[in-house]
Amino acid sequence: MSALNRKLLRELWQLRGQMASIALVVATGVMTLVTMRGGYETLVEAQAAYYRLARFPDLWVSLERAPEAVRAKLETIPDVARVETRISLAARLDLPEMEAPGLALIVSLPERGRPGLSDIVLRSGRLPAPGARDEVVVSENFATARGLVPGDSVRAIVNGRAWRLHVAGTAISPEHTYAVPPGALFPEDDRYGIFWMRQDAVGPAYDMDGAFNEALLKLAPEADTAAVMAEVDRLLEPYGGRGAYPRSDQFSHQTIQGELDQNRVMGTAIPVVFVGVAAFLLNLVLGRLVATQRTEVGVLKAFGYTDREVGRHYLRFAMVAVAVGTLAGAVLGARLGRAYVDLYGEYFHFPDLRYALSPALLLIASSVSAIAAAAGALTAVRQASRLPPAEAMRPERPARFEAGILERRGVGRSLPPAGRMILRNIERRPFRALISSIGVAFSVAILVIGMFMFDGVGFMMNLQFEVIQREDLALTFQEPVRASVSHQLERLDGVTRVELFRTAPARLRAGHREREVGLQGVPADARLRRVIASSGAVHPVPAQGVVLSERLANKLRVRPGDELEVEVLDGRRSSGSLRVAGVVDDFLGLSATMSLDALHDLAGGAPVVSGAWLSVREDRRADLYRSVKSMPAVAGVASPARMLESFRTQMAESLFVGVGFLLGFASIISVAVLYNGARIALSERSRELASLRVMGFRRGEVATLLLGEQALVTLLAIPCGWVLGYLMSFAVVTSLQTDAYRIPLVVSVRTYALAAVITLVAAAASGWIVRRRVDQLDLIAVLKTRE
Amino acid sequence: MSIPVGPGQEVGSPAAPPIIEARGLTKTYGAGDVEVHALRHVDFTLAAGEFVVILGPSGSGKSTLLNILGGLDVPTAGSLRFRDLDLTGMDGDELTNYRRRHVGFVFQFYNLIPSLTARENVALVTDIATDPMSASEALELVGLEARLDHFPSQLSGGEQQRVAIARAVAKQPDILLCDEPTGALDVETGRLVLEVLDQVNRATGATTAVITHNVAIGLLGDRVVHMSSGEIVETTVNAERASAAEVHW
Ligand SMILES: Nc1ncnc2c1ncn2[C@@H]1O[C@H](COP(=O)(O)OP(=O)(O)OP(=O)(O)O)[C@@H](O)[C@H]1O
Ligand SMILES: [Mg+2]
């Protein structure tokens, strides 16, 4: 090995603390890139494979009813490669012990064989036998949640008649990866399932024999999607076509795509922050190294080492740190990526999901970090290679000090000498102090964005459970019951108020836009459940018309005063029109609320209700909960207080894990920035500090001088980090907003405080490490060396 | 016995051809009011193999002259030749090449690389030389064969300076330039170092120029050059070089 490389190795070892901290920062960046971005790539590939396997369509369209012959017409549209038709309808399920009604989406399979488009992937059992009218394949998630296996049976209520269905198998489908029941916010696998049945079984039950109400289309490559959609809509107009929509509007696809996009964005943004911090640190550390090695640079050059050779020597310091970091990050990232993909696999159900680290990603990771390292090392390397050899042989001129701006303004006057020294040091190198502060501010910000999510969800849940849901008990009935049930409930001992409600699955339509929702009917004078905006303001329930969530209104492109077509999807399947009476900006999903009486009028038939909200006397609550639950007509009883409680425990757990990760991330940045800052200050000022010690200053006093600067940098960084964190949270909220919900931008004092405390602890830890070095300062050695 | 020679006149060693020839070397630092004339029209010749001692008060331009001769610095005006090579107007890379092939330096403060052992400090230079002696050979030459694997911090000042000399001579340079090699050493150690330099000069034939403040050391050289305020004010030729043991200061 050449003597120069030996020098490199020895000095790397000397600087191991600093180099390790930089390598750690690089490793974290590479790890997140490899985990998240690599995970993203794996998932995207698995998604594509799944779509190929299941022949995932390009276009969907639902309609009222069209005879099977219309299919041939669809097939003649230019650019349409394949058409599949099917029947798709909602049915109620008879599920014991559920708080909300069970629902199934019945989807037809061809009379024999498999569908040409949107095939299902069997997970157990088999397809329904041709001609077997009572056989069904249920979605795997539902089967798992309900403990159903092939051979079991489920009771569905189809067109008012009970129907015992035998489970032939379980399956998954990319159309229903994320299966959310109408009107709900999240998948509720224990009460909502997809039921695949043979077309000749579904058709007669729904009066759809020889007809279809949904068509799926596969397009030719590079087809003009908009043109095909327009043609489909024109063709299906006479059959009650509801407008074709592309993949990007398909709910499951959209949701998964959102999740994947988030991974792509975070998997890029986080590494960028880390790699940026690494570049800054290399700049700091190598800049200092070259400054202390001026004469060594001079000697090398005096003996004929070229500028390039000298520059390359210093560049290698950066490259070694980065190479070690990249390697560690890649190894860790690949392991974590596997766990990460497995986690998503459980959730997405992609068949054949295996994390694979692509060489291209590794190449990107290593070249990006190498480039960042080179950029960070650039000034130092340039300085070393440009130093004229004769100049290098002279010692660096003493640092020039003068009273800085702050001091001239009188800020320092009241400070003790130690304070003034600290202030002058910062003023002499304001840029470095600023960058250090920005680095630490980033770590504060990372903590803020990590924890604000919990604030947002917590805020939402408090609003939901303490402002919106003010009932003590919420009952849902097995079957819709007559409104007179309220008299019975009022008579129960301890019940102080009863409010009835009705939830009707309905399809809202404005022009060609439509949405299935759970239309909620509540008493006009409801006090237990009200329509509440995200600001907490109460919206009155109008006597006529419907109040929509802002996002639902946006989806349908309607404003107050506009008319909506409504089709109630249960019972008599009546339809009519509804005026949008108001739009409310709320957090949760796509709600549509109207007065109970108006809903009765709309739905027609007898005024029935789906459930009731009760206020009860505190002392009777437990008894009532039990007695109401055992009533035969009651399907479920919910207590918001209990829900909130269980939610809070769950939150606390995920808070723990989430914060653990972030804590690690943020601490790596804080410690690396502050530790390196202090080490460099120590190296620059060891003579000064040793002299002070010789003059009789105590260790603590000397350490204060040194660490005061880092303390000030940290204190400055915290408020900046708060602001940065808030801005980044805003960006996160905006990008994570989905159809179903949005996280409110609420950052609690606790989050700010915790972010500050964690950063201070990291600062104290790095201060403590450097403090030990100050304690070990070898006075004689330091003073003996020539400046 | 020494023969004084008047200012401006030149006396080279008549026996050997010149290896370095400088004409009208001028070096100024800064400009305007703060202009410093470090060298003023210096003519200077080094004959192959000779041992020259440069004397002069602090600030007289000794280091400046040596740095320019060694290609570490460039003159503001004047010309400089090394054998057939015109150093005037050479760019940084060419000067580097010149240093790499022909020049060895010894500095007042040794300037060893603290993270490298004695042997490695020498190897640092032999790594890039064309026809070097081995590092241990060079260290043997300065009497440090027993300290090959010691770090600079484990060596005394004199030992460090001897390592520095070994480093400078290991590549078998044509010119050995020493800027106050004994400046940081006590008398005895200084004497030892000078002995080594003398010995190296005799053994390798490297043309040697040594800067010193110490008039007595002048006796060691073939020639003594006196500088003052950026000029060579006097050159004396010693009829015979004294050995380091004979010199007292
Ligand atoms: N980089 C510089 N900028 C300005 N002036 C300089 C610079 N380098 C040297 N000088 C000046 O040039 C003059 C000659 O300096 P030089 O280092 O050659 O003196 P010297 O004879 O080696 O002195 P000493 O015995 O103290 O080492 C001095 O006046 C010095 O101040
Ligand atoms: Mg000098």
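Each chain gets a letter, A, B and so on, in the order the sequences are listed, and its residues count up from 1.
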Closest non-hydrogen atom pair, B:Met227 against B:Gly230 = CE-C, 4.3 Å
message = Between B:Asn111 and A:Thr295, do the side chains contain a donor N or O and an acceptor N or O under 3.5 Å apart?
response = no
ask   = Taking all atoms of both residues into account, what is the closest heavy-atom pair of B:Leu72 and A:Pro389, and its distance?
value = CD2-CB, 3.2 Å
task = Please confirm whether the backbone N or O of B:Val74 pairs with a side-chain atom of B:Lys27, one donor and one acceptor, at under 3.5 Å?
result = yes
query = Out of curiosity, B:Ile19 CD1 to B:Thr207 OG1, how far, rounded to the nearest 0.5 Å?
reply = 4.0 Å
query = Between A:Phe303 and B:Phe105, how do the two ring planes meet: parallel, tilted or perpendicular, split at 30° and 60°?
reply = perpendicular
request  = Mind listing the closest non-hydrogen atom pair of B:Leu80 and B:Ala22 along with its distance?
outcome  = CD1-CB, 3.7 Å
ask   = Where the side chain of B:Asn201 meets the backbone of B:Ala206, is there a donor-acceptor pair that is under 3.5 Å apart?
value = yes
key: Positions in residues 305-329 of chain A that reach chain B, provided some heavy atom is under 4.5 Å away   = A:Tyr305, A:Thr306, A:Glu309
Chain A-proximal positions within residues 137-173 of chain B [heavy-atom distance under 4.5 Å] = B:Phe151, B:Arg167, B:Ala168, B:Lys171
query = Atom CG in B:Leu55, atom CD1 in B:Ile217: separation rounded to 0.5 Å?
reply = 8.0 Å
query = How about residues 2-10 of chain A versus chain B: which residues have heavy atoms under 4.5 Å apart?
reply = A:Ser2, A:Ala3, A:Leu4, A:Arg6, A:Lys7, A:Arg10
request  = Indicate yes or no for a side-chain donor-acceptor contact from B:Glu231 to the backbone of B:Ser228 under 3.5 Å, with no hydrogens or angles considered.
outcome  = no
task = Drop me the distance from A:Ser21's OG to A:Leu15's CG, to the nearest 0.5 angstrom.
result = 10.0 Å
query = What distance do B:Tyr98 atom OH and B:Asp174 atom CG have between them, rounded to the nearest 0.5 Å?
reply = 8.5 Å
ask   = Are a donor atom and an acceptor atom from the side chains of B:Thr212 and B:Asn214 found within less than 3.5 Å of each other?
value = no
ask   = Heavy atoms under 4.5 Å from chain A: which residues of residues 129-136 of chain B carry them?
value = none
task = Check the side chains of A:Glu11 and B:Ser115 for a donor-acceptor pair under 3.5 angstrom, ignoring hydrogens and angles.
result = yes
message = Tell me which of these, B:Thr96, B:Leu124, B:Asn97, has more heavy-atom pairs under 4.5 Å with chain A than the rest.
response = B:Leu124
request  = Could you go through the salt bridge (charged side-chain N to carboxylate O under 4.0 Å, His left out) check for B:Arg23 and B:Glu21 one step at a time?
outcome  = CA-CA 7 Å; B:Arg23 289 279 166 265; B:Glu21 244 185 308; 3.3 Å; yes
ask   = When you look at B:Thr64 and B:Tyr29, which way does the side-chain contact (heavy atoms from CB on, under 4.5 Å) test go after all the steps?
value = CA-CA 11 Å; B:Thr64 307; B:Tyr29 289 108; 4.0 Å; yes
ask   = For the residue pair B:Thr88 and B:Gly78, what are the closest heavy atoms and their distance?
value = CG2-O, 3.1 Å
